[in-house]
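Since the structure comes first, as structure tokens, the remarks are kept for the end.
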Amino acid sequence: MPDIDWEALRAAARDASTRAYVPYSKYPVGAAALTDTGNIVTGANVENASYGLTLCAECALVSKLHTDALGKRLVAFACVDAAGSVLQPCGRCRQLLYEFGGETLLIDGPEGTLTMTDILPWAFGPQHLEET
Ligand SMILES: O=c1ccn([C@H]2C[C@H](O)[C@@H](CO)O2)c(=O)[nH]1
Ligand SMILES: [Zn+2]
């Protein structure tokens, strides 16, 4: 397992959370990930008056990965609330992260490091589209 500076990732996530747009829930979330090129990519949640259109912090993160040329793959991921407490991604975001991290993506868990397989077992992914 690569040596991950989880404190640095959590700090980057917390910093990103200060730029969340959360007038409705007032619940800022920040996410940060180490990429395959050694960069840190971050994201924060962006809400909408049509509540269901809200973008989670992880959604912003995976968008920025490619558009800001910060890498191709995610290696390690951390997500925090405004108090800096570690959060786990919602179901939709687990799927979004799986696309760019696969089974081995390391996740900052509540009781230590997890992998994507721990939080999204038997995932559907790009490999299934190649089987037919
Ligand atoms: O994994 C998660 C879970 C929730 N939120 C956001 C969405 C919404 O703005 C707020 C409350 O659900 O938290 C995220 O950004 N990521
Ligand atoms: Zn989500």
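Counting starts at 1 for both ligands and their atoms, following the listed order. The residues of the chain are indexed from 1 along the displayed sequence.
- Nearest protein heavy-atom neighbour of atom 6 (C) of ligand 1: Asn45 ND2, 3.4 Å.
- Those atoms of ligand 1 with a heavy atom of Ala57 less than 4.0 angstrom away are 14 (C), 15 (O).
- Closest approach of Leu70 to Thr35, counting heavy atoms only: O-OG1, 2.6 Å.
- The distance from ligand 1 to the heavy atoms of Pro89 drops below 4.0 Å at these ligand atoms: 1 (O).
- Across Lys64 and Val41, no two heavy atoms sit closer than the pair CB-CG2, 3.9 Å.
- Of the N or O atoms in Cys93, none lie within a sub-3.5 Å distance of an N or O in ligand 1.
- The distance from ligand 1 to the heavy atoms of Glu58 drops below 4.0 Å at these ligand atoms: 1 (O), 2 (C), 14 (C), 15 (O), 16 (N).
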* To do: Determine, step by step, whether Glu47 and Ser25 satisfy the side chain to side chain donor-acceptor pair (under 3.5 Å) criterion, reporting the C-alpha distance in whole Å, the side-chain angles of both residues, the deciding distance to 0.1 Å, and the verdict.
  => CA-CA 8 Å; Glu47 298 185 341; Ser25 74; 2.5 Å; yes
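- For ligand 1, the polar-atom distance check finds no N/O of Cys56 at less than 3.5 Å from any of the ligand's N/O atoms.
- In the vicinity of Glu47, heavy-atom distances shorter than 4.0 Å reach the ligand 1 atoms 8 (C), 9 (O), 10 (C).
- With no hydrogens or angles considered, a side-chain donor-acceptor pair links Asn39 and Thr37 at under 3.5 Å.
- Thr54 and Asn48 make their closest contact through OG1-N, 3.7 Å (heavy atoms, listed as atom of the first residue, atom of the second, distance).
- In this structure a side-chain-to-backbone donor-acceptor pair under 3.5 Å is missing from Arg19 to Ala44.
- Judged by distance alone, with hydrogens and angles left aside, the side-chain atoms of Lys26 form a donor-acceptor pair with the main-chain N or O of Pro23 at under 3.5 Å.
- Partners of Arg10 by side chain to side chain contact (heavy atoms under 4.5 Å, CB included), not counting sequence neighbours, listed by chain and number: Trp6, Glu7, Ala78, Val80, Val86, Asp108.
- In this view, Val29 and Tyr27, Asn45, Ala57, Cys79, Leu87 satisfy the side chain to side chain contact (heavy atoms under 4.5 Å, CB included) rule, not counting sequence neighbours.
- Between the side chain of Ser85 and the backbone N or O of Asp81 there is no donor-acceptor pair closer than 3.5 Å.
- Under the side chain to side chain contact (heavy atoms under 4.5 Å, CB included) criterion, Ala49 pairs with Tyr24, sequence neighbours left out.
- Looking at ligand 1, you won't find any N or O of Thr54 less than 3.5 Å from one of its N or O atoms.
- In this structure, atom 16 (N) of ligand 1 has protein heavy atoms in its sub-4.0 angstrom surroundings.
- Between atom 11 (C) of ligand 1 and the options Tyr51, Tyr27, Tyr24, the minimum heavy-atom separation is to Tyr27.
- Neighbouring protein atoms of the Zn ion (ligand 2) (N, O or S, distance under 2.8 Å, waters ignored): Cys56 SG, Cys90 SG, Cys93 SG.
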